[in-house]
Amino acid sequence: MLLPRRRFLRSAALTGLAAGTFGLTDRALALAPQRPAMLGHDDFSFVFLTDTHIQPELDASKGCLDCFRQVRSANADFTLQGGDHVFDALGVPKSRALSLMDLYKQTADTLGHQVYNTMGNHDVMGIYTKSGIEPSDPLYGKKYYTDNFGAPYYAFNHKGVHFVVLDSIGITADRSYEGFIDQAQIDWLSRDLAAMPAGMPVIVSTHIPLVTAVEDYAPPPGKAPAHQGTRVRNAWQVLELFDHYNVIGVFQGHTHVLETVTWHGVPYITGGAVSGNWWHGTSLGTPEGYLVVRVEKGRVIPDYVTYGFRTIDPKNT
């Protein structure tokens, strides 16, 4: 029996607890008994959408517009954007990078509500030498992102839940990128979590995943990459922190698949991609879409929703 496209693999892909609901398990409580008791919060919903990869080609701007219009009708409290807003600022001339950002921001106005943004690797400007952009350029690297969206990492509270947005993009000395959380950010995260009321629920957003099994889903590349770009290479430093707090969900982007891996009772939920396979169709079986997330009684209940995009150049993986 085929599942309806609009509710794609809600139960099969979001493995863990019943009905796609995630929270602390008995085993997790035994593994991490130092976790504080959970505080109450008001129930609410938000949208997690990621990897929009907007561009003029491949009907991508129309796809984003259609998606954002549908999101607006969901009546969620806000949108959490998981990164890779544009395609692509890494290796293109400055004029192209600036026009892509303008296109994204104009299109995102359609959402009509608060948007919290997460930095993606394609949201840093001129890192690849082929861009022709020098490191001395005032918008080089993360400045391109921060000038448009603000701080690279930050936290906010909503209806009794603490949200943390991480910067998972490490820029390497040879002008590439890797998944990395630097020490200054880890120190900040330690202080931020320690300052919360004991037991407050925490939800995290990161672009490059902290925990993922995506490397198991396809044959390995013929040549090993120079840097770890699929996941955060020092994730263990962050995960150890999470063991001491009431983290109820970590939302991730970057890999374009719909996936949940649970570690110490925390669901690490990779939220597919608005762009699917970079606007060429499905990516490892995940169609173009986003998550509507219900936060209820200390649990996250994610539902992957598609929006009817049809690629003009199918290259499904």
Side-chain angles (χ1 to χ4, degrees), residues 49-65 67-68 79-111 115-154 165-182 184-185 205-208 225-230 232 253-256 273-280 288 311-313 315:
L49 62 82
T50 186
D51 294 85
T52 46
H53 287 295
I54 202 166
Q55 60 182 17
E57 298 80 17
L58 295 172
D59 279 349
S61 57
K62 180 183 182 300
C64 284
L65 184 61
C67 176
F68 293 167
T79 287
L80 187 55
Q81 217 281 15
D84 279 0
H85 300 65
V86 302
F87 190 72
D88 160 79
L90 278 170
V92 300
K94 185 174 182 178
S95 57
R96 168 77 173 186
L98 293 176
S99 67
L100 289 172
M101 184 58 72
D102 288 343
L103 177 60
Y104 177 82
K105 292 175 76 174
Q106 291 166 10
T107 308
D109 283 344
T110 310
L111 287 166
V115 180
Y116 296 97
N117 294 286
T118 309
M119 186 188 302
N121 53 294
H122 290 283
D123 299 327
V124 294
M125 192 181 80
I127 299 303
Y128 293 164
T129 55
K130 68 179 182 180
S131 69
I133 300 170
E134 296 297 325
S136 58
D137 189 287
L139 289 180
Y140 179 81
K142 296 182 180 182
K143 194 66 163 54
Y144 169 81
Y145 175 90
T146 59
D147 270 15
N148 284 284
F149 297 118
Y153 54 89
Y154 58 97
V165 176
L166 298 177
D167 168 14
S168 59
I169 313 304
I171 297 175
T172 63
D174 60 351
R175 294 189 63 168
S176 187
Y177 76 88
E178 63 180 355
F180 186 67
I181 309 289
D182 64 24
Q185 187 176 176
S205 174
T206 175
H207 179 66
I208 297 180
H227 302 286
Q228 177 50 261
T230 303
V232 172
H254 191 55
T255 65
H256 295 223
V274 171
S275 61
N277 183 25
W278 289 267
W279 301 109
H280 290 292
E288 304 86 354
T311 178
I312 61 173
D313 184 16
K315 297 178 182 178

Mark yes or no for whether [X], through its side chain, and [Y], through its backbone, hold a donor-acceptor pair below 3.5 Å.
X      : Y      : result
Ser275 : Trp279 : no
Thr79  : Gln81  : no
Asp51  : Asp84  : no
Asp123 : Gly120 : yes
Ser176 : Thr172 : no
Ser131 : Gly126 : yes

Could you state the interatomic distance from [atom1] ([X]) to [atom2] ([Y]), rounded to the nearest 0.5 Å?
X      : Y      : atom1 : atom2 : value
Gln106 : Cys64  : CD    : SG    : 12.5 Å
Tyr145 : Asp147 : OH    : CG    : 12.0 Å
Met125 : Leu90  : CE    : CG    : 11.0 Å
Thr230 : Glu178 : OG1   : CD    : 12.0 Å
Ile54  : Asp88  : CD1   : CG    : 14.0 Å
Phe68  : Leu111 : CZ    : CG    : 5.0 Å

Nearest non-hydrogen partners of [X] and [Y], listed with the distance:
X      : Y      : answer
Pro135 : Arg175 : CD-NH1, 3.7 Å
Pro152 : Thr146 : CD-CG2, 3.9 Å
Pro56  : Leu100 : CD-CD2, 3.9 Å
Ser205 : Gly82  : OG-CA, 4.4 Å
Leu139 : Asp137 : N-OD1, 2.8 Å

Handout entry: Side-chain donor-acceptor contact under 3.5 Å, Tyr177 with Asn121
Key = yes
Handout entry: Under 3.5 Å side-chain donor-acceptor pair for Asp313 and Thr311
Key = no
[Y] side chain reached by [X] side chain, heavy atoms, under 4.5 Å:
X      : Y      : result
Val86  : Gln55  : no
His122 : His254 : no
Thr50  : Thr118 : no

Exercise for the section: Let me see the working for His256 and Asn277 under side chain to side chain donor-acceptor pair (under 3.5 Å), right down to the final yes or no. Expected result: CA-CA 7 Å; His256 295 223; Asn277 183 25; 5.9 Å; no
Exercise for the section: Hey, can you tell me if Trp278 and His53 have their rings parallel, tilted or perpendicular (30° and 60° cut-offs)? Expected result: tilted
Handout entry: Salt-bridge criterion met for Lys142 and Asp167 (N-O under 4.0 Å)
Key = yes
Practice task
Inspect the contact between Glu288 and Lys62 and indicate whether a charged nitrogen and a carboxylate oxygen are less than 4.0 angstrom apart.
Solution key: no
Fill in the blank from the handout: Per side chain to side chain contact (heavy atoms under 4.5 Å, CB included), Met119 is matched among Val124, Thr206, Ile208 by Val124
Problem - Derivation and outcome, ring-ring contact (aromatic ring centres under 6.0 Å, His included), residues His85 and Phe149 - result: CA-CA 11 Å; His85 300 65; Phe149 297 118; 4.5 Å; yes
Exercise for the section: Mind running side-chain contact (heavy atoms from CB on, under 4.5 Å) on Met101 and Arg96 for me, showing each step along the way? Expected result: CA-CA 9 Å; Met101 184 58 72; Arg96 168 77 173 186; over 6 Å; no
Problem - salt bridge (Lys or Arg N to Asp or Glu O under 4.0 Å) partners for Glu134, two or more places apart - result: none
Practice task
Go through Asn148 and Lys105 one step at a time and tell me if the side chain to side chain donor-acceptor pair (under 3.5 Å) criterion holds.
Solution key: CA-CA 9 Å; Asn148 284 284; Lys105 292 175 76 174; 3.1 Å; yes
